[in-house]
**Student:** 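Dumping the structure here so I can ask a few things about it.
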Amino acid sequence: MRPEVLNPLFAESDTLEGVGPKLKKPLEKLGLTRLRDFLYHLPDRFVTRRSIDSLDEGSEGEQVIIALTPTEHRSPRNPGRGPYQVLAQDSVGNICTLTYFGRASYTAKKLLPVGEKRWVAGRLDRYGDMLQIVHPDHVEKEGGANLERLCEPVYALSEGLTQPRVAGLVAQALGRLPQLPEWIEPSQLDKEGWPGWSDSLRLAHKAEHSGARDRLAYDELLANSLALLLVRADNRARRGQPLRGDGALRDKLDLPFPLTGAQMRSVQEIEGDLVQEAPMLRLLQGDVGAGKTVVALMAMLIANEAGKQAALLAPTEILARQHYETLRTMAGPTGVEVALLTGRDKGKARESILMGLLDGSIDIVVGTHAIFQDSVAYKDLALVVVDEQHRFGVAQRLQLASKGKATPHTLAMTATPIPRTLTLAQYGEMDVSRLDEMPPGRQAIDTRVVAQERLAEIVDGVARHVGAGQQAYWVCPMVRDSEVADIAAAEARYASLKERFGDDVVLVHGQLKPDEKDRAMHRFASGEAKLLVATTVIEVGVDVPAATLMVIEQAERFGLAQLHQLRGRVGRGSEKSVCLLLRGSELSETGRKRLALMRETQDGFLIAEEDLALRGGGELLGTRQSGDEAFRIADLEQISRLLPAAHADARLLMERDGGLASQRGEAARILLYLFERDWGVQLLRGG
Ligand code: ADP
Ligand code: MG
């Protein structure tokens with residue numbers, strides 16, 4: 001249970017003064033539902049105002065504070081239309097207008113009596129030949145409380161909220177901070193010179209304060225690392241089923257290629273885990289095309305050799321189907337029974353698969369989350385392979401534990417090339433196998449950066465390519481905030497390409513009905529359609545070796561890891577492949593460097609490390625990259641700078657006090673609840 005001292009922080013937002021049903025919605029949109037959310041709604045930036053003596057000193061667009069004396073109030077000629085204006089004079093007689101729209105005019109009447117000097121803070125603009133300040137942020141009498149505030153926070157807003165509103169709610173939340181014990185190692189605090197928790201929150205909302213921001217980010221990272229290590233400890237203490245394969249099934253495989261050194265090493269590492277009593281918890285990291293599938297198959301066959309079942313969980317139906325086809329073909333000579341189960345299977349077909357899982361006649365099942373539904377029961381599930389599910393949660397794993405006789409072994413696979421520090425942040429509880437060697441014979445992909453304006457030429461190029469009997473992908477950008485707009489853009493592009501290519505082009509996006517999507521994918525995979533227009537749904541896994549050209553529109557909007565994964569769809573066959581990155585006209589310097597990096601290398605892990613270095617902390621690009629999603633406070637730069645220390649700190653604490661029973665352990669529990677990593681604590685109690 002949550003420590004009592006935290007209860008005030010988890011009170012609902014409507015316990016704040018001024019929050020009623022009307023405000024709740026826009027607040028929820030920002031993720032602000034409980035007091036703690038307000039505390040951690042840190043300012044995006046601060047406005048800094050300059051105090052000026054006369055209007056001559058200010059420049060247009062500048063944030064200023066200035067003493068003005070109102071000389072005249074002007075109501076709009078038509079009441080209710082046009083702004084309410086107050087003319088005001090500075091110390092040397094220059095005039096400017098203070099402009100108010102709508103209901104704000106009532107405020108203006110009260111705040112700005114004619115002939116009385118007021119301090120006004122706001123943005124100086126020009127309207128016609130008049131200087132004006134629209135809706136001043138503050139109007140104060142001499143000595144007013146806000147006069148000293150040359151620096152003010154700027155918060156992320158949603159419609160229906162204003163800066164002062166959010167600031168006021170944050171201030172209320174800050175007024176209710178409980179006294180919490182310190183969870184950071186004192187020597188670490190001293191070394192960094194960080195303030196305590198409550199001071200850090202207050203400071204972080206008041207002004208740029210890197211120490212306070214770092215401390216709060218560190219808290220989040222520490223909570224995360226601790227939780228992951230608790231999972232690891234819990235896993236060690238669990239009983240799994242040791243799996244010993246005799247090689248009988250694997251020997252029957254008739255692979256068209258020898259395994260690479262990296263694949264063999266990974267299989268060995270997995271085999272070493274599987275014979276242990278403690279369930280395996282391993283991540284198989286390997287770039288697109290590195291050959292993870294066959295490693296997964298080997299692992300599953302070991303389970304089958306030991307007389308048990310294995311399951312492979314894929315993120316989408318398309319991928320589940322593709323894995324199913326691949327595995328069934330590869331495993332053919334072994335005689336093991338491979339089945340596919342997705343949410344779409346209904347009626348008799350579904351019943352017979354469920355039977356097979358229950359009576360053990362199915363050895364390997366491939367599917368989407370449907371394979372773990374309550375209605376699905378296994379005879380003896382001993383290994384679960386999880387493909388591309390970032391943060392396959394502890395909750396899911398616990399649910400799985402109830403499926404097998406014992407906790408199943410878990411092998412997670414990812415092609416997302418993330419930097420080492422982020423691997424630690426995301427998969428810190430796992431052992432890692434890296435496929436750092438590509439199968440032989442892979443061709444380099446010729447990558448070029450081309451201006452989007454040259455679209456017509458590019459379409460001609462695609463036509464020549466298709467005319468020569470090859471296939472191509474055309475990727476439209478995906479901006480997270482508006483899937484609808486993205487799909488509209490993809491549909492428009494599809495429509496225009498269809499005029500040229502007719503039935504040779506198909507469209508795939510996230511809102512198609514599953515069977516429409518399948519039909520399109522199938523037409524493309526079978527070679528019947530030549531051009532596939534898609535949003536990023538083709539990002540992971542799709543394998544069509546005859547596709548040798550990829551066009552990516554507005555490439556600068558994608559994360560580099562994402563671009564890399566997209567590009568990995570081509571270059572899979574023996575033909576030379578080309579990737580065209582179309583760039584918009586407004587490309588930042590960093591944007592230019594990032595695309596250049598894509599042109600220069602094909603090493604996903606190098607790209608990931610360089611991308612992190614290039615982006616630093618500040619620049620937020622269209623698409624957030626996976627890896628940082630788990631964190632709301634810490635940004636990428638802070639993660640890479642602070643995570644190693646946080647992780648080491650967490651490890652030390654676990655070594656000294658794995659039960660979190662000491663005084664500092666108690667504080668650490670509070671931290672876990674504060675950041676809602678309480679599943680860590682729950683495991684602690686369970687174990
Ligand atoms: P990943 O899932 O890691 O992106 P896949 O498992 O889909 O990669 O493998 C990509 C392609 O490489 C497949 O066509 C596969 O058959 C082939 N492949 C895998 N391992 C080898 C190998 N050792 N030698 C040659 N080809 C391989
Ligand atoms: Mg794969």
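Both ligands and their constituent atoms are indexed starting at 1 by order of listing. Quick caveat: nothing in here was measured; it's all calculated off a predicted structure.
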**Student:** Could you go step by step and tell me if Asp515 and Lys517 meet the salt bridge (Lys or Arg N to Asp or Glu O under 4.0 Å) rule?
**Tutor:** CA-CA 5 Å; Asp515 54 327; Lys517 201 188 293 180; over 6 Å; no
**Student:** Number the atoms of ligand 1 from 1 as they appear, then name those within less than 4.0 Å of a heavy atom of Pro258, with their elements.
**Tutor:**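 Counting from 1, the qualifying ligand atoms are 22 (C), 23 (N), 24 (N).
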**Student:** For Thr260, counting its heavy atoms only, list the atoms of ligand 1 lying under 4.0 Å from any of them.
**Tutor:**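 Every atom of ligand 1 under 4.0 Å from some heavy atom of Thr260: 23 (N).
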**Student:** Are Leu582 and Ile552 close enough that some pair of their side-chain heavy atoms sits under 4.5 Å apart?
**Tutor:**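 No - every pair of side-chain heavy atoms lies 4.5 Å or more apart.
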**Student:** If I apply the N/O under 3.5 Å rule, does Gly291 come out as touching ligand 1?
**Tutor:**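 Among all N and O atoms of Gly291, at least one is under 3.5 Å from an N or O of ligand 1.
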**Student:** Could you check which of Pro439, Gly261, Ala290, Gly289 puts a non-hydrogen atom nearest to atom 25 (C) of ligand 1?
**Tutor:**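 Among Pro439, Gly261, Ala290, Gly289, the closest heavy atom to atom 25 (C) of ligand 1 comes from Pro439.
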**Student:** Applying a strict 4.0 Å limit to heavy atoms, is Pro256 in contact with ligand 1?
**Tutor:**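 Pro256: no contact with ligand 1 (<4.0 Å).
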**Student:** Could you tell me whether Val294 and ligand 1 have an N or O pair separated by under 3.5 Å?
**Tutor:**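 Min N/O separation from ligand 1 is not below 3.5 Å for Val294.
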**Student:** Gly286: heavy atom below 4.0 Å from ligand 1, yes or no?
**Tutor:**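 No, Gly286 has no heavy atom closer than 4.0 Å to ligand 1.
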**Student:** Heavy atom of Asp387 under 4.0 Å from ligand 1?
**Tutor:**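 Under 4.0 Å: no for Asp387.
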**Student:** Walk me through whether Arg321 and Asp518 qualify under salt bridge (Lys or Arg N to Asp or Glu O under 4.0 Å).
**Tutor:** CA-CA 9 Å; Arg321 199 165 295 275; Asp518 275 4; 3.5 Å; yes
**Student:** Is the closest basic N to carboxylate O distance between Glu269 and Arg282 below 4.0 Å?
**Tutor:**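 Here Glu269 pairs with Arg282 in a salt bridge, since their nearest N and O are under 4.0 Å apart.
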**Student:** Going by the atom numbers of ligand 1, which of them fall below 4.0 Å from some non-hydrogen atom of Thr293?
**Tutor:**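 So the answer, numbered in order with elements, is 2 (O), 5 (P), 6 (O), 7 (O).
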**Student:** So, are Glu528 and Arg523 salt-bridged, with charged N and O less than 4.0 Å apart?
**Tutor:**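 The answer is yes: the pair qualifies as a salt bridge.
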**Student:** Answer with side chain, backbone, both or neither: which part of Leu259 has a heavy atom less than 4.0 angstrom from an atom of ligand 1?
**Tutor:**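 It is the backbone that gets close, since no side chain atom is under 4.0 Å.
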**Student:** Who are the side-chain hydrogen bond (donor to acceptor under 3.5 Å, both in side chains) partners of Thr548, not counting sequence neighbours?
**Tutor:**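 Applying side-chain hydrogen bond (donor to acceptor under 3.5 Å, both in side chains) to Thr548 gives His465, Gln470.
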**Student:** Do other residues, nucleotides or ligands put more than 12 heavy atoms under 6.0 Å from Lys576 NZ?
**Tutor:**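 More than 12 heavy atoms, drawn from other residues, nucleotides or ligands, come within 6.0 Å of this atom.
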**Student:** Does atom CZ (Arg344) have a neighbourhood of more than 12 heavy atoms from anything else shown, all under 6.0 Å?
**Tutor:**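 Yes - once you tally the heavy atoms of other residues, nucleotides and ligands closer than 6.0 Å, there are more than 12.
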**Student:** Within the structure, is a non-hydrogen atom of Ala415 found at a distance of less than 4.0 Å from ligand 1?
**Tutor:**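 The answer is no: ligand 1 sits nowhere under 4.0 Å from a heavy atom of Ala415.
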**Student:** Give the contacting part of Asp287 toward ligand 1: side chain, backbone, both or neither, where contact means a heavy-atom distance below 4.0 Å.
**Tutor:**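 Under 4.0 Å from ligand 1, Asp287 contributes backbone atoms alone.
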**Student:** Classify the contact between Met413 and ligand 1 as side chain, backbone, both or neither, using a heavy-atom distance cut-off of under 4.0 Å.
**Tutor:**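 Answer for Met413: neither.
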**Student:** Are Arg250 and Glu271 close enough for a salt bridge, meaning some N to O gap below 4.0 Å?
**Tutor:**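 Between Glu271 and Arg250 there is a salt bridge, with a charged N closer than 4.0 Å to a carboxylate O.
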